[in-house]
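Structure record follows, encoded as structure tokens.
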Amino acid sequence: MARATTNPYKRDGSPFWQILYRDASGRERRESSKSKSKRVAQQILADRRLEADQRRAGILDRFAESRRRPLDEFVVLYRDWLQANKRAAQYVADVVKQLRDAIDSADAATLSDLTAGSVAAYLTETRAKYSAKTFAGRISTLRSFGLWLVEHQHWPENPFISLRSGRKRTDADRKFRRRGLTLAEVELLAEAAPVRHLQSYAKSHGGRSADRADEFTRVGRERALLYWFAATTGLRAAEIAAIRWEDLHDLEGDNPRVIVPGKHTKNGADADLPLQQFVARALQALREDRSRREGRLAQQGDRALHVPERIAEHVRRDAMHAGLIPSHRPAERRLDFHALRHSCVRILRDLNVPVEVAQRVLRHSDVRLTLQTYGRAADETVTKTMQGLVPVPAMFRGLCSPVCSDGGPAVKRHDTPGNTMPSDKAGSDPTKATG
């Protein structure tokens with residue numbers, strides 16, 4: 001019985017499509033496409049046939065090896081290159097995840113399958129789910145990967161050079177506009193953490209106390225310390241989660257500090273920040289309590305603060321319990337754990353700390369980012385500042401209430417022939433016509 005030569009075809013017992021073609025010497029070759037997608041296998045077969053035709057015609061394809069290599073090998077090479085250039089570990093991990101998500105969405109197996117069109121669905125989903133900033137970041141990742149392929153002679157051109165993030169981003173493009181809490185509001189949030197679960201339990205169980213009340217209270221107090229730690233240092237959740245006891249210094253002294261290694265920070269540089277005395281003392285008490293409960297001295301390499309997996313949900317529920325956000329309608333601004341980083345600069349601003357200090361605390365390379373992203377005055381601050389700021393002109397004194405008229409000294413009125421406003425002289429009646 002003659003052997004079937006339809007390409008591509010499947011071999012019994014193999015989940016992958018097989019390809020059958022003749023190389024440049026005319027020899028029949030059969031190999032696995034290493035893909036379960038028929039379309040991908042057909043593309044690989046077409047590449048093999050094109051390569052054989054070019055070799056027969058004397059045309060050398062210097063990218064022939066790249067066409068055959070699995071796509072994930074290039075992702076691994078790119079990851080190694082980023083690490084060799086000392087990029088932050090979290091950044092490298094995010095880039096690799098984004099590239100693999102794009103590849104999976106495009107159902108790509110080789111570089112020939114990876115084009116701007118093949119990742120369109122991935123980018124469309126990103127635009128719908130995330131902010132304009134995140135969307136632009138995903139495009140930047142793809143373009144940078146394509147540029148690396150060209151510069152290292154893995155591919156003739158950047159397949160993503162045509163991708164654009166669109167119009168200039170504005171505040172309206174941000175998916176989430178976070179709310180920065182005042183010092184008093186952070187205190188309310190922290191006070192709600194130890195009692196929220198107990199009171200919710202009692203409310204749903206007919207006033208009965210929870211069997212694990214002590215544990216709930218302890219976990220809540222640790223979460224309250226976590227809130228204060230974030231609001232007074234401006235550190236992100238991932239950065240706090242990486243802190244170990246050896247990174248905390250002089251907790252019982254006059255100059256307590258935290259030093260987060262650069263491999264855990266967003267900008268890749270060590271973060272050396274002072275701690276408030278009450279935060280340092282609370283950390284020391286936490287370490288002693290943890291050592292007593294576990295029956296062993298907390299080791300220097302142990303993680304200091306536990307950041308719950310669903311910390312954003314905890315913050316939202318604690319804020320709702322404290323009355324900081326409404327319970328039956330969406331809040332105007334997002335209040336999650338990262339909002340405590342916004343709260344840090346708001347607290348510093350309310351305490352009249354210079355913006356240069358806030359920039360150093362938040363570790364921004366450009367002070368404009370501190371001002372534009374985190375340093376805006378709250379609406380209520382603007383309202384309180386602007387109300388009654390301008391002294392009432394004399395010509396408007398009669399239109400204002402006593403509260404309004406007491407806002408400041410009157411502006412001297414200059415009567416002019418064309419002035420049709422009512423006079424503020426005694427005895428004048430703006431409701432009566434003059435003859």
Side-chain angles (χ1 to χ4, degrees), residues 72-102 133-134 136-138 140-145 147-148 152 222 225-251 255-276 279-280 283-284 286-287 290 298-312 336-342 344-345 357-366 369-370 373-374:
D72 195 64
E73 289 187 10
F74 294 102
V75 176
V76 173
L77 289 174
Y78 186 51
R79 179 200 64 192
D80 295 342
W81 180 79
L82 291 174
Q83 292 174 341
N85 283 272
K86 301 187 182 304
R87 303 304 295 269
Q90 187 59 52
Y91 170 80
V92 175
D94 290 343
V95 165
V96 171
K97 184 180 185 305
Q98 291 170 24
L99 289 175
R100 284 176 172 159
D101 287 346
K133 180 178 179 181
T134 300
R138 301 291 168 84
S140 178
T141 296
L142 292 172
R143 285 169 58 91
S144 298
F145 177 61
L147 181 62
W148 174 83
H152 288 76
E222 184 171 341
L225 174 56
L226 181 64
Y227 294 162
W228 278 117
F229 191 94
T232 55
T233 63
L235 289 171
R236 302 172 177 86
E239 295 168 338
I240 296 176
I243 295 174
R244 302 178 185 275
W245 290 113
E246 61 188 5
D247 301 322
L248 299 167
H249 305 275
D250 199 24
L251 293 182
N255 187 30
R257 309 187 69 80
V258 57
I259 302 178
V260 186
K263 64 180 180 179
H264 300 303
T265 61
K266 186 176 181 179
N267 62 3
D270 288 357
D272 186 348
L273 299 169
L275 294 175
Q276 298 300 310
V279 173
L283 285 168
Q284 183 62 25
L286 172 65
R287 184 174 187 178
R290 192 175 293 173
Q299 303 300 308
Q300 287 288 85
D302 293 345
R303 297 190 184 275
L305 286 168
H306 171 63
V307 180
E309 183 177 350
R310 300 178 62 184
I311 183 60
D336 55 10
F337 190 80
H338 196 73
L340 293 173
R341 180 169 166 85
H342 294 242
C344 178
V345 78
V357 175
Q359 178 192 2
R360 290 290 301 275
V361 171
L362 295 171
R363 294 160 289 131
H364 287 154
S365 59
D366 191 338
L369 181 59
T370 309
T373 308
Y374 297 101

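Along the sequence shown, residues carry numbers from 1. Quick caveat, the model's predicted, so the values are computed rather than measured.
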Candidate pair Arg138 and Thr141, rule side-chain contact (heavy atoms from CB on, under 4.5 Å), full reasoning: CA-CA 5 Å; Arg138 301 291 168 84; Thr141 296; 5.6 Å; no
Minimum side-chain heavy-atom gap Pro274-Thr233 below 4.5 Å: no
Any donor-acceptor N/O pair, Thr232 side chain to Trp228 backbone, under 3.5 Å: yes
Trp245 versus Arg303, closest heavy-atom pair with distance: NE1-O, 3.9 Å
Side-chain donor/acceptor of Gln359 to backbone N/O of His364, under 3.5 Å: yes
Expected output: side-chain Thr265 to main-chain Gly262 donor-acceptor under 3.5 Å: yes
Heavy-atom pair with the smallest gap, counting every atom of Ala230 and Cys344: O-CB, 4.3 Å
Residue pair Gln299 / Asp302: nearest heavy atoms and the distance that separates them: N-OD2, 2.9 Å
Partners passing salt bridge (Lys or Arg N to Asp or Glu O under 4.0 Å) against Arg360 (at least two apart in sequence or in another chain): none
side-chain contact (heavy atoms from CB on, under 4.5 Å) between Ile259 and Leu248, worked out: CA-CA 7 Å; Ile259 302 178; Leu248 299 167; over 6 Å; no
Sequence-distant partners of Val76, side chain to side chain contact (heavy atoms under 4.5 Å, CB included), two or more places apart: Asp72, Arg79, Asp80, Arg100
Beyond-backbone contact of Leu82 with Tyr78, side-chain heavy atoms, under 4.5 angstrom: yes
Value rounded to 0.5 Å, distance of CG in Leu340 from CG in Leu235: 11.5 Å
Residue list, side chain to side chain contact (heavy atoms under 4.5 Å, CB included) with Asp250, at least two apart or on another chain: Asn255
Salt bridge (charged side-chain N to carboxylate O under 4.0 Å, His left out) partners of residues 259-272, not counting sequence neighbours, each pair once: Arg257-Asp272
Between CZ on residue Phe337 and OH on residue Tyr227, distance to nearest 0.5 Å: 8.0 Å
With sequence neighbours excluded, residues passing salt bridge (Lys or Arg N to Asp or Glu O under 4.0 Å) with Lys97: Asp101
Close side-chain approach of Phe229 to Leu275, heavy-atom, < 4.5 Å: yes
Pairwise distance OG(Ser140) to NZ(Lys133) - rounded to 0.5 angstrom: 12.0 Å
Parallel, tilted or perpendicular, as decided by the 30° and 60° cut-offs, for the rings of His342 and His338: perpendicular
Closest non-hydrogen atom pair between Ala242 and His264, with its separation: CB-CG, 3.4 Å
Derivation of the side-chain contact (heavy atoms from CB on, under 4.5 Å) call for Ile243 and Val260: CA-CA 6 Å; Ile243 295 174; Val260 186; 4.0 Å; yes
Derivation and outcome, side-chain contact (heavy atoms from CB on, under 4.5 Å), residues Leu283 and Val258: CA-CA 11 Å; Leu283 285 168; Val258 57; over 6 Å; no
CG-CD1 distance between Asp336 and Ile311, expressed to the nearest 0.5 angstrom: 10.0 Å
Glu309, CD: over 12 other non-hydrogen atoms inside 6.0 angstrom: no
Main-chain N/O of Ala304 paired with Arg244 side-chain donor or acceptor, under 3.5 Å: no
Spacing of Arg143 atom CZ and Leu147 atom CG [to the nearest 0.5 Å]: 8.5 Å
Minimum heavy-atom distance Ala237-Val307, with the two atoms named: O-CG2, 3.9 Å
What pairs of donor and acceptor atoms, side-chain ones from residues 84-94 against any protein atom, are under 3.5 angstrom apart with sequence neighbours left out?
unit_1 : atom_1 : unit_2 : atom_2 : d
Asn85  : ND2    : Trp81  : O      : 2.7
Gln90  : NE2    : Asp94  : OD1    : 3.0

Sidechain N-carboxylate O distance under 4.0 Å for Arg341, Glu239: no
Nearest-0.5 Å distance, CG of residue Leu273 to CG of residue Leu362: 9.0 Å
